[in-house]
Amino acid sequence: MQVLKLGVGGDDVERWQTFLAGQGFDANASGVFDQATVEATRRYQEAHKLQVDGRVGHFTLVQAMSDGYAPIVTYDAYEAWLEDEGVKV
């Protein structure tokens, strides 16, 4: 999964938005990581005492998975996500 952040679009984003809405955070499942999704992600991070940056990086993803989030994961997507997080692959 790629790091989800402002401007990113696709199935991963739509799944994240649906997860946020299910957790009680206002997010429209448009498939585009827009400003409303950034704000909903920030509220999710605040509620879980995570670093608040409005992006779905490692720690936010791990917390979300413990809350039942199931990301779409392929090897290429995982490798891109690691690179976005600054991990050499």
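Source: prediction; values computed, not measured. We use all heavy atoms of the structure for the numbers below, so side chains are in, but hydrogens, waters and symmetry mates are not.
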Is the side chain of R15 donor-acceptor paired with the backbone N or O of A70 at a distance under 3.5 Å, no angle test?
-> yes
Interatomic distance, [X] atom [atom1] to [Y] atom [atom2] [nearest 0.5 angstrom]:
{"X": "N28", "Y": "D34", "atom1": "CG", "atom2": "CG", "result": "7.5 Å"}
{"X": "Q63", "Y": "Y69", "atom1": "CD", "atom2": "OH", "result": "14.0 Å"}
{"X": "R42", "Y": "T60", "atom1": "CZ", "atom2": "OG1", "result": "11.0 Å"}
{"X": "L50", "Y": "F59", "atom1": "CG", "atom2": "CZ", "result": "9.0 Å"}

Identify the two heavy atoms, one from [X] and one from [Y], that lie closest to each other, and give their separation to 0.1 Å.
{"X": "A29", "Y": "T18", "value": "CB-OG1, 3.6 Å"}
{"X": "D67", "Y": "Q23", "value": "O-NE2, 3.7 Å"}
{"X": "V52", "Y": "Q45", "value": "CA-OE1, 3.5 Å"}
{"X": "A40", "Y": "A27", "value": "CB-CB, 4.2 Å"}
{"X": "Q17", "Y": "G31", "value": "OE1-N, 2.8 Å"}

Please list, chain by chain and in numerical order, all residues satisfying side chain to side chain contact (heavy atoms under 4.5 Å, CB included) with Q51, sequence neighbours excluded.
-> D53
Results of side chain to side chain donor-acceptor pair (under 3.5 Å) for E14 - residues two or more places apart only = none
Do you reckon [X] sits in the same ILVMFWY cluster as [Y], going by side-chain contacts under 4.5 Å, direct or chained?
{"X": "M65", "Y": "F19", "answer": "yes"}
{"X": "V38", "Y": "V8", "answer": "yes"}
{"X": "W16", "Y": "V62", "answer": "no"}

Any side-chain heavy atom of D26 within less than 4.5 Å of one from R43?
-> yes
Answer whether the closest heavy-atom distance between the side chains of V56 and T41 falls below 4.5 Å.
-> yes
Test side-chain contact (heavy atoms from CB on, under 4.5 Å) on L4 and D12 and set out the steps.
-> CA-CA 8 Å; L4 303 181; D12 287 333; 3.9 Å; yes
Name all residues meeting the ring pair (Phe, Tyr, Trp, His ring centres under 6.0 Å) criterion together with F25; count only those two or more places apart in sequence or in a different chain, and write none if there are none.
-> Y44
side-chain contact (heavy atoms from CB on, under 4.5 Å) between Q35 and L6, worked out = CA-CA 7 Å; Q35 193 59 44; L6 187 62; 4.1 Å; yes
